[in-house]
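In what follows, a single structure is set out as structure tokens and then discussed.
On a predicted model such as this, the values are computed, not experimentally measured, just so you know. All residue numbers refer to positions in the sequence shown, counting from 1.
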Amino acid sequence: MSDQQTGTNSQVQPTSPAWINVERARHPQRPYPMNFIERIFTDFSEIHGDRAYGDDDALACGMARLGDEEVMAIGVRKGGTIKERIKRNFGMPSPEGYRKALRCMKIAEKFGRPVISFIDLPGAYPGVGAEERGQAEAIARNILEMSRLRVSTISVITGEGGSGGALALAVSDRVLILTNAIYSVISPEQCAVIMWRDASQRELAAAALRITANEVSRLGCVDDVITEPAEGAHTDPEAAEGLLGAALKRHLAELKALPVDRLVRERQAKFRNIAQFYSEG
């Protein structure tokens with residue numbers, strides 16, 4: 001019996017390069033932020049709680065060392081098994097997660113330690129409880145405070161960089177993205193539902209959103225595209241971790257050479273000018 005007769009749509013091989021990127025960014029074997037943190041850093045010492053409501057298992061924050069440099073590392077946690085994924089809310093932070101991250105950034109600022117965040121999330125958690133506890137305010141507060149932190153800051157999009165949930169951890173001096181990662185204001189599926197009322201148009205949406213690493217780099221939304229194994233970081237995690245670690249050390253050395261006032265001024269100017277377009281007439 002044909003698909004038309006049964007009323008189902010057969011799955012076709014994706015032809016959109018953007019959608020291939022989406023699938024690689026979401027690959028279940030792709031290294032998660034905590035995999036990078038555990039392999040690239042040493043002496044990671046986790047800090048828990050937001051001192052207001054509780055702890056969020058979807059975000060990990062802690063002191064660590066990058067070579068000889070003491071830093072504050074922040075990473076999204078997704079979990080490997082279904083049980084872990086449920087516990088970590090599938091990598092979607094709640095308000096207390098963002099508030100914990102901000103508390104740790106302030107600790108880093110107090111002790112003059114750079115902040116490095118690793119981002120792989122579809123978006124902030126949109127549940128009723130999260131909204132009741134001030135999800136939008138927590139995201140807005142992080143964006144504001146990160147824009148004026150008086151320490152060097154680096155953010156890395158390792159998989160999905162989804163919407164304001166990602167931006168709340170990515171207002172940094174340098175925003176890096178892995179070759180097969182994506183950075184977007186909305187997921188392709190959600191965009192397809194809004195624009196075409198049909199989630200199956202996700203490939204078309206992915207292409208229209210311009211979410212691939214090279215495209216967001218051309219738009220000025222990221223500062224550097226970090227090479228990873230051609231078919232994805234999951235094919236050679238050690239190589240991907242080595243390339244990212246070397247890039248982090250290079251960027252951190254460049255940032256440390258700049259005065260703090262200049263860092264803050266240039267960071268704020270960068271984000272004010274992102275996505276500005278002008279036309280005559």
*Listed partners of F118 passing ring pair (Phe, Tyr, Trp, His ring centres under 6.0 Å), at least two apart*: F41

*Would you please test V156 and I119 for side-chain contact (heavy atoms from CB on, under 4.5 Å) and show each step?*
CA-CA 6 Å; V156 188; I119 299 162; over 6 Å; no

*asked:* I'd like to know whether N214 forms a side-chain hydrogen bond (donor to acceptor under 3.5 Å, both in side chains) with T212, so could you lay out the CA-CA distance, the side-chain angles of the two residues, the decisive distance to 0.1 Å, and finally the verdict.
replied: CA-CA 6 Å; N214 288 330; T212 65; 5.9 Å; no

*Is it true that E145 and K106 make a salt bridge, defined as a side-chain N closer than 4.0 Å to a carboxylate O?*
yes

*asked:* Under a 3.5 Å distance rule, please check whether K100 uses its side chain to pair with a backbone N or O of D55 as donor and acceptor.
replied: no

*For V225 against S217, the heavy-atom pair lying closest together*: CG2-CB, 3.8 Å

*Can you see which heavy atom on E160 is nearest to which on K78, and at what distance?*
OE1-NZ, 4.2 Å

*Between E231 and R24, is there a side-chain N and carboxylate O pair less than 4.0 Å apart?*
yes

*Quick one: do R113 and E70 make a salt bridge, cutoff under 4.0 Å?*
yes

*Take Y98 and L169 through the side-chain contact (heavy atoms from CB on, under 4.5 Å) test and state the conclusion after the steps.*
CA-CA 8 Å; Y98 291 111; L169 300 171; 4.2 Å; yes

*CD/E238: more than 12 non-hydrogen atoms of other groups inside 6.0 Å*: no

_Closest non-hydrogen atom pair between Y125 and Q135, with its separation_ = O-NE2, 2.8 Å

*Count the heavy atoms of every other residue, nucleotide or ligand shown that sit under 6.0 Å from CZ of R141, and state whether that count exceeds 12.*
no

_Full working for side-chain contact (heavy atoms from CB on, under 4.5 Å) between R267 and L149_ = CA-CA 10 Å; R267 184 192 311 148; L149 278 177; 3.9 Å; yes

*May I ask you to decide whether R174 forms a salt bridge with E254, counting only side-chain N to carboxylate O separations under 4.0 Å?*
yes

*Below 4.0 angstrom, N of the basic side chain to O of the carboxylate: do R103 and D50 qualify?*
no

*Lys/Arg N to Asp/Glu carboxylate O, E228 vs R30, below 4.0 Å*: yes

*Are R77 and D57 within salt-bridge range, i.e. N to O under 4.0 Å?*
no

_I want to check something: taking the side chain as every heavy atom from C-beta on, are I154 and L248 in contact at a cut-off of under 4.5 Å?_
yes

*What are the two closest heavy atoms between T158 and P33, and how far apart are they?*
OG1-CG, 3.7 Å

*Is the closest side-chain heavy-atom distance between M195 and Q201 below 4.5 Å?*
no

_Side chains of R210 and V216, heavy atoms from C-beta outward: is any pair under 4.5 Å?_
no

_One thing to verify: whether R99 and D56 come together as a salt bridge, which I'm taking to mean a side-chain N less than 4.0 angstrom from a carboxylate O._
no

_As a quick check of understanding, evaluate side-chain contact (heavy atoms from CB on, under 4.5 Å) for L176 and S155, giving each step before the final call._
CA-CA 6 Å; L176 317 181; S155 296; over 6 Å; no

